[in-house]
Amino acid sequence: MISIKEIAAKLGVSIATVSSVLNGKEKERRINAALADKIKRFALESGYHPNQVAVSLRTGKSRIIGLIVDNISGAFFASLANTIEKELEKYGYTVLYCSTGNNESKVETLIRILFQHNVDGYLVIPAAGMEEQLSELTSRKRPVVLMDSYFPDTKLPYVLVNNYEGTAAGIKHLIKAGCRNIAFVCNDISLVQMAERRRGFVETMISAKMQVGEDSILATPYMGEKGQVVRSIAAYLKKKRPDAVMFAANYLGVYGLEAIKKLGWTIPSDIGVVCFDDHELFQINTPEITAVKQPVEDIAQLAVKILMGEMGIEKKVTEQQVEIMGKLIRRKSV
DNA sequence: GGCTGAATGAGTGAAGCCAA
DNA sequence: TTGGCTTCACTCATTCAGCC
């Protein structure tokens, strides 16, 4: 790898001249066109690439965005990350991925590492206990945009699906199909998106004059082991005997299908199924599973746009706290 | 007009200085 | 001699002020 210093020495010019030419400022700095061409050609032939550590040191910019998610292996997060990467590429930025595993001490470490790497901005899927660190980042003028959830006590920008309306659409679909004893399976995560889905279920049931008791909701442990969660769902369904169930997350839907299979029940004759957040498996399952699809691409694109606005790269987006409507995909599970 | 020297940024290791 | 502390030089790319 050749440096700007070596190019300057080889061509017998100063480092400043090489830097100006390679940064497209030869006219502004009134550098001879022939010399500029010579420098560009030599840099190209010798495979010159700027040392990003040095650039970051000098400019205070790294052209890297930190993407902090809960679990990168999840379908929703993977899809989100894919779109974010493509969007950021348009602005000449790369992504540094971090997965918190919903672990508070890991959150603190990851944010510190990203800060030490001088990342220019943060796209974050919030985890419990993150508020303080994120507030510190914004106080240090580091732009942060949240996705999928938000903290009600902060003014941080966010983009997420309308969890309440999405859940309500799923429940209304079940009621319209004639289901009367509907169960709701969620997790016990203490974040706003799950609370909103839960609220969407309860209020839609009440407004439709349907019975909602404590046994209408099963909250599974968020980071619970798969086999254990499947068993708890199966036990719950067996005891409650609902005519329909809505799963509050796609991974719960996948676990739920396994639980229903264990019980030997048939969808939709024994139990109707709707899931919040679509999944590839729902389309190939027999029957196909009805789901509320999250507008993942829209969320990612808007989050990047807001972040670029905060960083002064794009025009600042006026509406910084946005909820986008999900779409009910009707299949054959109801 | 065409070009260069030097300051700058944060971190780190080496060198220098002083007291015990 | 050793430990503790400070200062300096160096990394590399960028950019302003200034020289010829």
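The sequence lines fix the lettering, A, B, ..., with proteins before strands; numbering per chain opens at 1. Model, not experiment: these values are computed from the prediction.
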What integer distance in Å separates [X]:[atom1] from [N]:[atom2]?
{"X": "A:Leu11", "N": "B:dC3", "atom1": "CG", "atom2": "P", "value": "12 Å"}
{"X": "A:Ile15", "N": "B:dT8", "atom1": "CD1", "atom2": "C1'", "value": "14 Å"}
{"X": "A:Arg63", "N": "C:dT14", "atom1": "CZ", "atom2": "P", "value": "12 Å"}
{"X": "A:Ile4", "N": "C:dC12", "atom1": "CD1", "atom2": "P", "value": "11 Å"}
{"X": "A:Glu26", "N": "B:dG2", "atom1": "CD", "atom2": "P", "value": "12 Å"}

task = Respond yes when some side-chain nitrogen or oxygen of A:Thr17 is under 4.0 Å from OP1 or OP2 of B:dT4, and no when none is.
result = yes
query = Is any side-chain nitrogen or oxygen of A:Tyr48 closer than 4.0 Å to OP1 or OP2 of C:dA13?
reply = yes
Please tell me which of the listed nucleotides, [options], lies nearest to the side chain of [X]?
{"X": "A:Lys5", "options": "C:dT14, B:dT4, C:dT11", "answer": "C:dT11"}
{"X": "A:Ser20", "options": "B:dC3, C:dA13, C:dT15", "answer": "C:dT15"}
{"X": "A:Asn23", "options": "B:dG2, C:dT14, B:dG5", "answer": "C:dT14"}
{"X": "A:Val13", "options": "B:dT4, C:dT14, C:dA13", "answer": "B:dT4"}

Do the charged groups of [X] and [Y] touch, with an N to O distance under 4.0 Å?
{"X": "A:Lys90", "Y": "A:Glu87", "result": "yes"}
{"X": "A:Glu258", "Y": "A:Lys226", "result": "yes"}
{"X": "A:Glu310", "Y": "A:Lys316", "result": "yes"}

task = Look at all strands and tell whether A:Leu22 reaches a base, only sugar-phosphate, or nothing, counting heavy atoms closer than 4.0 Å.
result = nothing
Expected list for residues 294-302 of chain A: side-chain donor-acceptor pairs under 3.5 angstrom, two or more places apart:
| residue | atom | partner | partner atom | Å |
| --- | --- | --- | --- | --- |
| A:Gln294 | NE2 | A:Asp277 | OD2 | 3.4 |

task = Scan side-chain atoms only and decide if A:Glu6 and A:Tyr48 contain a donor-acceptor pair under the 3.5 Å cut-off.
result = no
A:Tyr164: which of A:Gln193, A:Glu323, A:Glu196, A:Glu203 passes side-chain hydrogen bond (donor to acceptor under 3.5 Å, both in side chains) = A:Glu203
request  = Find the bend of the helix from B:dG1-C:dC20 to B:dA20-C:dT1 as the angle between its two terminal axes (five pairs each), to the nearest 10°.
outcome  =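 Taking five pairs per end, the axes differ by 60°.
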ask   = Can you say whether the rings of A:His279 and A:Phe282 are parallel (under 30°), tilted (30 to 60°) or perpendicular (over 60°)?
value =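 If you compare the ring of A:His279 with that of A:Phe282, the planes turn out tilted.
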